[in-house]
Trainee: 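Please see the structure below; I have some questions.
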Amino acid sequence: MELTNAGYNWYFENDTHIQYSKTAAGYRLYIFHTPTTLVLDGKTYQVDQHNVVFMERGEAHHIFSETGLYMLDWAEFTMDENDLGTLRSVGITLNEVFEVTDCTMISHMIMNICYMRELAQEKYAVTPSLLLMSIIYCSASLMIRERGYGHAKEENPEIVCLRAEIYTHPEWDWTQQLMAARTHYSVSRLQKIYRNIYGISCMEDVYLSRINHAKHLLGSSSLTVQEIAIQCGYRSTEHFSRSFKQRVGCSPKVFRETYFGISDD
């Protein structure tokens, strides 16, 4: 995955139209901050704040507003088959608009990407490409799903930030006590709020974040299963393999061979 261009907090007058015909340009990401009309793949969407869309490579689209100023963040980038596999593994479908509980964290990553492009990139340990991958995981973690997670019943900045951290840093030694301390809730209160918003326990979400990250590493790196286990927060390869098979239905080795054609032999 390589970044081509990006924009943060771009404002447009209501008579300004963003319009692209079918081209050989890269994949695109839009994060909407205001009510806007999006025409994409023959469909018209009335998008609103906290709506996100990842577009097919070179997909024709038209963005405008009939009601006033509109604002968005965007990025254009390339992806290979491994990157596309990562999108699928976290439940993101190209050309489908989805809602997130809060886009602040994602928008902040776009801001950092734009800032890094203006300065000497080698000063930073994190590259724009790594930030783009973090945006994918963060978007998936904040997605409001009709099944599995359910629609969020309330917005809670502390919980939203916690979940973004969980999916951005699956390698951390997450415990209920640590998460409670970061949100300033008791453990029991945190568990209740988290499940009420996302329909899943906070610890189970930690495990899912680790599995999502493991899927990405299995397809995009030459790391061994043991090395991937460590990077995903597991203390032993055996524990990692059991957890992966329980949630995915096959071992990490079989997953890598089946979906990416990569053999560890």
Trainee: Would Phe32 and Val39 show up in the same hydrophobic cluster when neighbours are defined by side-chain heavy atoms closer than 4.5 Å?
Mentor: no
Trainee: Rounded at 0.5 Å granularity, tell me how far CG in Leu94 sits from CD in Glu59.
Mentor: 9.5 Å
Trainee: With the threshold set at 4.0 Å, does a side-chain nitrogen-carboxylate oxygen contact exist between Arg242 and Glu238?
Mentor: no
Trainee: Does the side chain of Phe244 come within less than 4.5 Å of Leu218's, by heavy atoms?
Mentor: yes
Trainee: Should Met109 and Ile31 count as side-chain neighbours, where that means a heavy-atom distance under 4.5 Å?
Mentor: no
Trainee: Return the CZ to CD1 distance between Phe12 and Ile18, rounded to the nearest 0.5 Å.
Mentor: 3.5 Å
Trainee: Got more than 12 heavy atoms from elsewhere within 6.0 Å of CD, Glu171?
Mentor: yes
Trainee: Could you tell me which residues satisfy side chain to side chain donor-acceptor pair (under 3.5 Å) with Ser186, sequence neighbours excluded, listed by chain and number?
Mentor: Ser188
Trainee: Could you tell me which residues satisfy side chain to side chain donor-acceptor pair (under 3.5 Å) with Glu56, sequence neighbours excluded, listed by chain and number?
Mentor: none
Trainee: So do the side chains of Arg182 and Trp174 get within less than 4.5 Å of each other, counting heavy atoms only?
Mentor: yes
Trainee: Could you pull out the closest heavy-atom pair between Glu76 and Leu3, with the gap in Å?
Mentor: O-CD1, 3.5 Å
Trainee: I'd like to check the ring-ring contact (aromatic ring centres under 6.0 Å, His included) partners of His169; sequence neighbours left out, ordered by chain and number.
Mentor: Trp172
Trainee: Which heavy atom of Ala229 sits nearest a heavy atom of Ser236, and at what distance?
Mentor: CB-O, 4.3 Å
Trainee: Which pair of heavy atoms, one from Ile113 and one from Ala6, lies closest together, and at what distance?
Mentor: CG2-CB, 4.1 Å
Trainee: Rounded to the nearest 0.5 Å, how far does NZ of Lys245 lie from CD1 of Ile211?
Mentor: 13.5 Å
Trainee: Would you say the side chain of Ile166 lies within less than 4.5 Å of the side chain of Met179, judging by non-hydrogen atoms?
Mentor: yes
Trainee: Would you check if Thr93 and Phe98 make a side-chain contact, meaning some heavy-atom pair closer than 4.5 Å?
Mentor: no
Trainee: Just by distance, no angles: are the side chains of Asp205 and Tyr194 close enough, under 3.5 Å, to form a donor-acceptor pair?
Mentor: yes
Trainee: Measure across Asp83 and Thr78 and return the closest heavy-atom pair with its distance rounded to 0.1 Å.
Mentor: OD2-O, 4.4 Å
Trainee: With sequence neighbours left out, what residues match Tyr11 under ring-ring contact (aromatic ring centres under 6.0 Å, His included)?
Mentor: none
Trainee: Distance check, rounded to the nearest 0.5 Å: Ser201 atom OG versus Tyr207 atom OH?
Mentor: 8.0 Å
Trainee: Would you say Leu69 ends up clustered with Trp10 if hydrophobic residues are merged whenever their side chains have heavy atoms under 4.5 Å apart, either directly or through other cluster members?
Mentor: no
Trainee: Rounded to the nearest 0.5 Å, what separates atom NZ in Lys215 from atom CZ in Arg247?
Mentor: 11.0 Å
Trainee: Listed by chain and number, what are the ring-ring contact (aromatic ring centres under 6.0 Å, His included) partners of Phe77, not counting sequence neighbours?
Mentor: none
Trainee: Are Val254 and Leu217 connected, step by step, through hydrophobic side chains (Ile, Leu, Val, Met, Phe, Trp, Tyr) whose heavy atoms are closer than 4.5 Å?
Mentor: no
Trainee: With sequence neighbours left out, what residues match Thr224 under side chain to side chain donor-acceptor pair (under 3.5 Å)?
Mentor: Glu227
Trainee: Between Tyr70 (side chain only) and Thr16 (backbone N and O only), is there a donor and an acceptor less than 3.5 Å apart?
Mentor: yes
Trainee: Do the non-hydrogen side-chain atoms of Ser139 and Ile92 ever get within less than 4.5 Å of each other?
Mentor: yes
Trainee: Side-chain heavy atoms nearer than 4.5 Å, only ILVMFWY residues, links allowed to pass through others: does that put Tyr20 and Ile63 together?
Mentor: yes
Trainee: Where the side chain of Thr183 meets the backbone of Ala180, is there a donor-acceptor pair that is under 3.5 Å apart?
Mentor: yes
Trainee: Sort out for me which residue in Val53, Val52, Asp73 forms a side chain to side chain contact (heavy atoms under 4.5 Å, CB included) with Leu29.
Mentor: Val52
Trainee: Rounded to the nearest 0.5 Å, how far apart are NE2 of His62 and NE2 of His17?
Mentor: 5.0 Å
Trainee: Mind listing the closest non-hydrogen atom pair of His33 and Leu72 along with its distance?
Mentor: CD2-CA, 3.8 Å
Trainee: For the residue pair Leu84 and Met79, what are the closest heavy atoms and their distance?
Mentor: CD2-CE, 3.5 Å
Trainee: Output, in order, the C-alpha distance, side-chain angles, deciding distance and verdict of side chain to side chain contact (heavy atoms under 4.5 Å, CB included) for Met111 and Asn9.
Mentor: CA-CA 8 Å; Met111 180 191 71; Asn9 270 10; over 6 Å; no
Trainee: State, with a plain yes or no, whether a side-chain heavy atom of Glu204 is found less than 4.5 Å away from one of Arg195.
Mentor: no
Trainee: Can you tell me if Ser243 uses its side chain to pair, donor with acceptor, with the backbone of Phe240 under 3.5 Å?
Mentor: no
Trainee: Could you check whether any side-chain N or O of Thr34 sits under 3.5 Å from a backbone N or O of Met71, counting only pairs where one atom can act as donor and the other as acceptor?
Mentor: yes
Trainee: Using the rule ring-ring contact (aromatic ring centres under 6.0 Å, His included), only one of Tyr45, Tyr30, Trp74, Tyr27 pairs with His61; which is it?
Mentor: Tyr30
Trainee: According to a hydrophobic-cluster definition based on side-chain heavy atoms being under 4.5 Å apart (Ile, Leu, Val, Met, Phe, Trp, Tyr only), do Ile200 and Val100 belong together?
Mentor: yes
Trainee: Is there a side-chain contact between Ile193 and Glu158 (heavy atoms, below 4.5 Å)?
Mentor: no
